[in-house]
Protein chains: 2
Amino acid sequence: MTYRAPIEALGDPMRRAILERLVAGPRSVGDIASELPVSRPAVSQHLRVLKEANLVTERREGTRRLYRLDPNGLAEVRTYFDDFWARALAEFKQAAEHNETKGEA
Amino acid sequence: MTYRAPIEALGDPMRRAILERLVAGPRSVGDIASELPVSRPAVSQHLRVLKEANLVTERREGTRRLYRLDPNGLAEVRTYFDDFWARALAEFKQAAEHNETKGEA
DNA sequence: TAGTTACGTAAGTCGTGACTTACCGTGCTC
DNA sequence: GAGCACGGTAAGTCACGACTTACGTAACTA
């Protein structure tokens, strides 16, 4: 299973809609598809992408497959963004102080 | 300027590369483009998208335009993701407790 | 075993978006 | 004012990805 960056998987609105429906607990493919304006195969393909990004895991149960959120992908996004946020914040503060010194606000 | 969801703007690798180069402070378009494997107009177009997502702001300085990170878009992504993370975490805990009760691990 | 349910996958279509080059406007500089 | 840097925009190309339908497969059920 080829890796895929979680943050890129999150770029698609339909995939975010799918993830939203998994946040309350595991769901089957057809169950999810019934709430979305796309076909079941489309949902299935999205779930594969989400799986490649470690954003969901799959568990077979009889003839159904239950998908649920995977903390790994979520943590990866959180780490990336927290780091980015921290660095950006540092720059903002520095810029603000610099402007104060120059009396620009 | 039509709005655009920040998290969708973050989906593109080149745009993330651009943001990475803005994290240390304001930069001009040509300056950014010189470090990236794409043309200057391409960078310009990406910056427009980022601006529509409130991820960057623009300040004119002579003939140049200095772009810098915009806290608004960043905060929006952070809010969205923090909320999502919190809900997911709650579900994980609940599932873990449920499994303990059932002795499944 | 035959039928049904639930999914995944293959194959093909179609729109979109990430590029390119060419061009135009704007603001310094000599 | 002429020339030059800087960058936004237009127009066109091209690949990719988000869909669809059709089909194949695995697992319950009667």
Side-chain angles (χ1 to χ4, degrees), chain A residues 1-22 25-70 73 77, chain B residues 1-22 25-70 73 77:
Chain A
M1 190 175 63
T2 49
Y3 173 76
R4 196 179 289 247
I7 197 168
E8 289 178 29
L10 288 177
D12 184 75
M14 194 60 66
R15 278 197 286 269
R16 287 200 302 280
I18 291 174
L19 289 178
E20 286 287 343
R21 276 156 184 80
L22 291 180
R27 304 277 293 273
S28 71
V29 180
D31 189 20
I32 298 170
S34 69
E35 295 182 0
L36 295 175
V38 292
S39 68
R40 184 193 49 73
V43 173
S44 200
Q45 287 160 16
H46 279 306
L47 283 168
R48 175 172 49 174
V49 172
L50 291 171
K51 192 162 67 171
E52 288 172 355
N54 295 323
L55 283 167
V56 301
T57 57
E58 173 204 333
R59 185 179 82 232
R60 308 193 182 199
E61 186 158 287
T63 162
R64 300 191 312 162
R65 309 205 181 183
L66 297 182
Y67 285 87
R68 70 176 302 175
L69 294 183
D70 184 352
V77 178
Chain B
M1 189 174 65
T2 50
Y3 173 75
R4 196 178 288 249
I7 196 168
E8 289 178 28
L10 288 177
D12 183 76
M14 194 61 66
R15 279 198 284 271
R16 288 200 302 279
I18 291 175
L19 290 177
E20 286 286 343
R21 275 154 185 82
L22 291 179
R27 303 278 293 273
S28 71
V29 179
D31 189 19
I32 298 169
S34 69
E35 295 182 0
L36 296 174
V38 292
S39 67
R40 183 192 48 73
V43 173
S44 200
Q45 289 161 16
H46 279 306
L47 283 168
R48 176 173 46 176
V49 172
L50 291 171
K51 193 161 66 172
E52 289 173 355
N54 296 322
L55 283 167
V56 301
T57 58
E58 172 204 333
R59 182 178 84 231
R60 308 193 182 199
E61 187 158 286
T63 162
R64 301 193 310 162
R65 309 206 180 181
L66 296 182
Y67 285 86
R68 71 175 302 176
L69 294 183
D70 184 351
V77 178

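Numbered from 1 within each chain, the chains take letters A, B, ... in sequence-line order.
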J.: Keeping the roles fixed (side chain from B:Arg16, backbone from B:Gly11), state whether a donor-acceptor pair exists under 3.5 Å.
T.: yes

J.: Hey, is the main chain of B:Ser44 close enough, under 3.5 Å, to the side chain of B:Arg48 for a donor-acceptor pair?
T.: no

J.: Assess whether side chain to side chain contact (heavy atoms under 4.5 Å, CB included) is satisfied between B:Leu22 and B:Arg68, documenting all intermediate values.
T.: CA-CA 6 Å; B:Leu22 291 179; B:Arg68 71 175 302 176; 5.8 Å; no

J.: If I compare all heavy atoms of B:Leu69 with all of B:Thr57, which pair ends up nearest, and what's the gap?
T.: O-OG1, 4.4 Å

J.: Kindly say if A:Tyr67 contacts the phosphate of C:dG8, meaning a side-chain N or O under 4.0 Å from OP1 or OP2.
T.: yes

J.: So, do B:Asp31 and B:Arg64 sit near enough that their side-chain heavy atoms are less than 4.5 Å apart?
T.: no

J.: Starting at atom CD of A:Glu58, determine the distance to atom C1' of C:dT9, rounded to an integer number of angstrom.
T.: 14 Å

J.: Tell me the interatomic distance from A:Glu61, atom CD, to C:dA6, atom P, rounded to whole angstroms.
T.: 13 Å

J.: Test your reading of the model: is there a side-chain donor-acceptor pair from B:Asp12 to the backbone of B:Arg15, 3.5 Å cut-off?
T.: yes

J.: Could you state the CZ-P distance from A:Arg27 to C:dC7, rounded to the nearest angstrom?
T.: 11 Å

J.: Expressed in angstrom and rounded to an integer, what is the separation of B:Arg64 atom CZ from D:dG8 atom C1'?
T.: 16 Å

J.: Please determine which of A:His46, A:Arg40, A:Arg27, A:Glu20 meets the side chain to side chain contact (heavy atoms under 4.5 Å, CB included) test together with A:Ile32.
T.: A:Arg27

J.: With rounding to the nearest 0.5 Å, note down the distance linking CD1 in B:Ile18 to CG in B:Leu36.
T.: 6.0 Å

J.: How many whole angstroms separate atom CG of B:Leu50 from atom C1' of C:dG17?
T.: 14 Å

J.: Using a cut-off of less than 4.0 Å, is there contact between a side-chain N or O of A:Ser28 and OP1 or OP2 of C:dC7?
T.: yes

J.: Find the distance A:Leu66:CG to D:dA27:P and express it as a whole number of Å.
T.: 15 Å

J.: Using whole Å, what does the distance between atom P of nucleotide D:dA26 and atom CZ of A:Arg65 come to?
T.: 10 Å

J.: What is the distance from CG of B:Asp31 to P of D:dA5, rounded to the nearest Å?
T.: 16 Å

J.: Within the 4.0 Å limit for protein heavy atoms, which parts of nucleotides 16-22 of chain D are touched? Write it as a string from 5' to 3', B for base, S for sugar-phosphate only, - for none.
T.: --SBBBB

J.: Between B:Leu19 and B:Val56, is a side chain to side chain contact (heavy atoms under 4.5 Å, CB included) present by the stated rule, with each step listed?
T.: CA-CA 8 Å; B:Leu19 290 177; B:Val56 301; 3.8 Å; yes

J.: What string of B, S and - do you get for nucleotides 24-30 of chain C 5' to 3' if you count protein non-hydrogen atoms under 4.0 Å?
T.: ---SS--

